[in-house]
Protein chains: 2
Amino acid sequence: MGTTQLESVQEPKYWHLKTVLSEALDSDFSVGEVLPNERDLAQRFGVARATLRQALEQLELEGRLQRRRGVGTTVAPPRVGVAVATAQHGWAGEDTDGAWQPVECTTATAPSAVAAMLDTDSGELVHVVRRIRVAHGQAVAAELLYVPSSSVPELSAIEAPSGPVRARRVLKELHRLDLDGQDRSVELGSARADDAKELDRLPGAPVLVVTTRYLAAAGTAAVSVATYRADTCRLTFGDSGALEISHDEQERKAS
Amino acid sequence: MGTTQLESVQEPKYWHLKTVLSEALDSDFSVGEVLPNERDLAQRFGVARATLRQALEQLELEGRLQRRRGVGTTVAPPRVGVAVATAQHGWAGEDTDGAWQPVECTTATAPSAVAAMLDTDSGELVHVVRRIRVAHGQAVAAELLYVPSSSVPELSAIEAPSGPVRARRVLKELHRLDLDGQDRSVELGSARADDAKELDRLPGAPVLVVTTRYLAAAGTAAVSVATYRADTCRLTFGDSGALEISHDEQERKAS
DNA sequence: GAGTGGTCTAGACCACACT
DNA sequence: GTGTGGTCTAGACCACTCC
């Protein structure tokens, strides 16, 4: 005993726990409410804390819970729908709700994967603009925008030395370009230390990595790698408004 | 000793391990190669197996590794870029690489979140088409397509009884509609038991949930909820071809 | 300092895929 | 049967937040 599977079918304990907790969240808790701490919950359900944590991790991944070290576990609000621009240029500013805020601008070599998408030699220096996207008073995304010098010829190399001012300068120059379109991809990743800090998460937190290639007549004008908080964000693409789904659709019994 | 943090800075062991393993993967391993088992690896690095597993989980999440119970851990190939249709109707068939394969079709009530997007009353019966998307000989996505009867008036209620034949029939009817556009959203989720089975993953595996609302003159013609394997897929949107990024861009030293 | 979540250990057994 | 990854336990200490 002890580790024996009590359930009739062989369903992992943490999975069953997750289901029970999920239903409890729907019925007995409201957004922002604080849950009992992990040690109490584990004891209450008769499982080890590690097992309880496995269930909580899943629920956090699905955007149902929010956990903060030293504070506690709270019921998360429905995911924020953030529009990923399709037709508009990304840097025109003033998105419907969440706007991009330039943070800084440095000059560095692009990662090899980015250099491959730009038509630059790897090792070539490019402008790197750091931007943060804020929605509902919370940082939802951190971006690195790689701009080869050839895309912003008007910009003298030694101007404002690496700050928000210079970032805005680069964006302004970029805004002048005619764009032919954008290639975009979305994949799952884990937050690097720097991104995690900006997003108020721990390193390794799950993020949605949106890679955008801005195409101009001359070729690839710029490449953006934006990491969105996967726990709180729902990325929306679309011809019209936003979607209305709140979180994962209800469990559906196997047919 | 024992649990003491040996590293100069306080960086979690599993995080450091992940970095080390990641570099080893780049230099000493090739795609498809089998890693030593977890017990060996843990001992080799002088950590508990649970800690080693935390690092492996991260790498799997990032699409670097593939783990299969009873088999072992192998080096994963670069993520597959799967195009999420933008302009075309999704059900016309024959996507560039991965095509949708109808599996079955039942009649059921849509989940409340889906019913809200359709203009149906919750509780109303709709056609539910199950499709699987295959790319490179591997199932990459499982979809449930919800079609209200009003969108396919020509279809008699009691026709082919719930099978691929009926699924194709519904899609064919659907194909006749003029679409005004699509709303689409992407978010992180965990695989339900049924989806996990189709995708050859364990329940709870991370998936990218793509929710699409197909808009017709009359309103919402159909809603699709597709779950893509987050470990192996990179969703691409775009006016032109696919992106070239292989996996997470290299670590960037804090500036 | 007290309380929280985050990390880590050293075991054990289970489910599954091979042979 | 043997070996793999998956689950689970019962502890411990650490890092952080708040009082």
Side-chain angles (χ1 to χ4, degrees), chain A residues 1-18 34-43 45-61 65-76 190-191 193 196-197 200-206 231, chain B residues 1-18 34-43 45-61 65-76 190-191 193 196-197 200-206 231:
Chain A
M1 58 194 73
T3 315
T4 46
Q5 301 288 90
L6 301 166
E7 322 302 331
S8 51
V9 296
Q10 57 251 46
E11 187 182 43
K13 273 190 184 177
Y14 78 91
W15 185 262
H16 180 245
L17 240 185
K18 179 196 141 188
V34 184
L35 268 64
N37 71 55
E38 297 183 349
R39 290 161 181 87
D40 281 357
L41 278 178
Q43 191 170 28
F45 286 104
V47 298
R49 182 154 81 112
T51 305
L52 186 268
R53 276 179 62 80
Q54 225 176 327
L56 294 184
E57 264 152 36
Q58 282 259 0
L59 290 169
E60 191 180 27
L61 198 77
L65 291 179
Q66 204 160 340
R67 299 193 291 173
R68 315 193 100 205
R69 167 156 44 178
V71 179
T73 303
T74 57
V75 180
S190 48
K197 192 180 170 188
D200 192 27
R201 299 260 67 196
L202 291 171
D231 56 341
Chain B
M1 58 194 74
T3 313
T4 44
Q5 302 289 91
L6 300 166
E7 321 304 330
S8 51
V9 295
Q10 57 250 46
E11 187 182 44
K13 272 190 184 176
Y14 77 91
W15 185 259
H16 181 245
L17 241 184
K18 181 197 139 186
V34 184
L35 267 66
N37 71 54
E38 298 182 349
R39 289 162 181 87
D40 281 358
L41 278 178
Q43 191 169 31
F45 286 104
V47 299
R49 192 177 154 219
T51 305
L52 186 268
R53 276 180 62 79
Q54 225 175 327
L56 294 184
E57 265 151 36
Q58 283 258 0
L59 290 170
E60 191 180 29
L61 198 78
L65 291 179
Q66 204 160 338
R67 300 193 291 172
R68 314 191 104 202
R69 166 156 47 178
V71 179
T73 302
T74 57
V75 180
S190 47
K197 192 180 171 188
D200 191 27
R201 298 261 69 197
L202 291 172
D231 55 342

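Just so it is clear, the structure is predicted and the values come from calculations on it, not from any experiment. Chain letters run A, B, ... following the sequence lines, proteins first, then strands; residues in each count from 1. Just the heavy atoms: all of them, side chains too, but no hydrogens, waters or symmetry mates, feed the values below.
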(request) Return one dot-bracket line describing DNA chain C 5' to 3' (Watson-Crick or G-U wobble pairs, both distances under 3.5 Å; ( ) same strand, [ ] crossing, | another strand, . none). (result) ||||||||||||||||||.
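In this structure, CG of B:Asp40 is placed 7 Å from P of D:dT4, rounded to the nearest angstrom. The interatomic distance linking A:Leu17 (CG) with D:dT7 (C1') rounds to 13 Å, in whole Å. If you measure from atom CD of B:Gln43 to atom C1' of C:dG11, you get 14 Å, rounded to the nearest angstrom. Per the geometry, CD belonging to A:Gln66 stands 18 Å off P belonging to C:dT4, to the nearest Å. Taking atom CG of residue B:Leu41 and atom P of nucleotide D:dG3, one finds them 17 Å apart after rounding to whole Å. Regarding A:Asp200, its CG atom lies at a distance of 12 Å from the P atom of C:dG6, rounded to whole Å. Taking atom CD of residue A:Glu38 and atom P of nucleotide D:dG11, one finds them 17 Å apart after rounding to whole Å. The NZ-P distance, from B:Lys13 to D:dA15, rounds to 13 Å in whole Å.
The shortest non-hydrogen separation linking B:Lys18 to B:Ala55 is N-CB, 3.9 Å. Listed here is the closest heavy atom pair of B:Ala42 and B:Arg49: CB-CA, 3.8 Å. Minimum interatomic distance between A:Tyr14 and A:Thr51 (heavy atoms only, all atoms of both residues): CB-O, 3.8 Å.
A:Arg53 meets the side-chain hydrogen bond (donor to acceptor under 3.5 Å, both in side chains) test with A:Glu38; sequence neighbours excluded. For B:Thr73, the side-chain contact (heavy atoms from CB on, under 4.5 Å) test picks out B:Leu35, B:Leu65, B:Arg67, with sequence neighbours left out. Looking at residues two or more places apart in sequence or on another chain, you find a side-chain contact (heavy atoms from CB on, under 4.5 Å) between A:Pro203 and A:Ala196, B:Trp15. Applying the salt bridge (charged side-chain N to carboxylate O under 4.0 Å, His left out) test to B:Asp200 and every residue at least two apart in sequence or in another chain returns B:Arg68. Partners of B:Arg39 by salt bridge (charged side-chain N to carboxylate O under 4.0 Å, His left out), not counting sequence neighbours: none found.
Taking only side-chain atoms of A:Pro12, from C-beta outward, the nucleotide of D:dT7, C:dT7, C:dT9 with the closest atom is D:dT7. Side chain of A:Arg67, nearest nucleotide from D:dA10, D:dG5, C:dG6: C:dG6.
Remark: A:Leu56 CG to A:Gln66 CD distance equals 13.5 Å, nearest 0.5 Å. Separation of atoms NZ (B:Lys13) and CG (B:Leu52) is listed at 11.5 Å; rounding is to 0.5 Å. Between B:Ser190 atom OG and B:Leu202 atom CG the span is 12.5 Å, to the nearest 0.5 Å.
Neither OP1 nor OP2 of C:dT4 sits under 4.0 Å from any side-chain N or O of A:Arg39. Considering only side-chain N and O atoms, B:Tyr14 lies under 4.0 angstrom from the phosphate OP1 or OP2 of C:dT7. Distances shorter than 4.0 Å separate some side-chain N or O of A:Asn37 from OP1 or OP2 on C:dT4.
Contacts between residues 50-61 of chain A and DNA chain D, defined by a heavy-atom separation under 4.0 Å, are made by A:Ala50, A:Thr51, A:Gln54.
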Strictly under 3.5 Å: I want the nitrogen or oxygen pairs between protein and nucleotides 16-19 of chain C, one per line.
none

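Within the 4.5 Å cutoff, no side-chain heavy atoms of A:Pro12 are placed close to those of A:Gln54.
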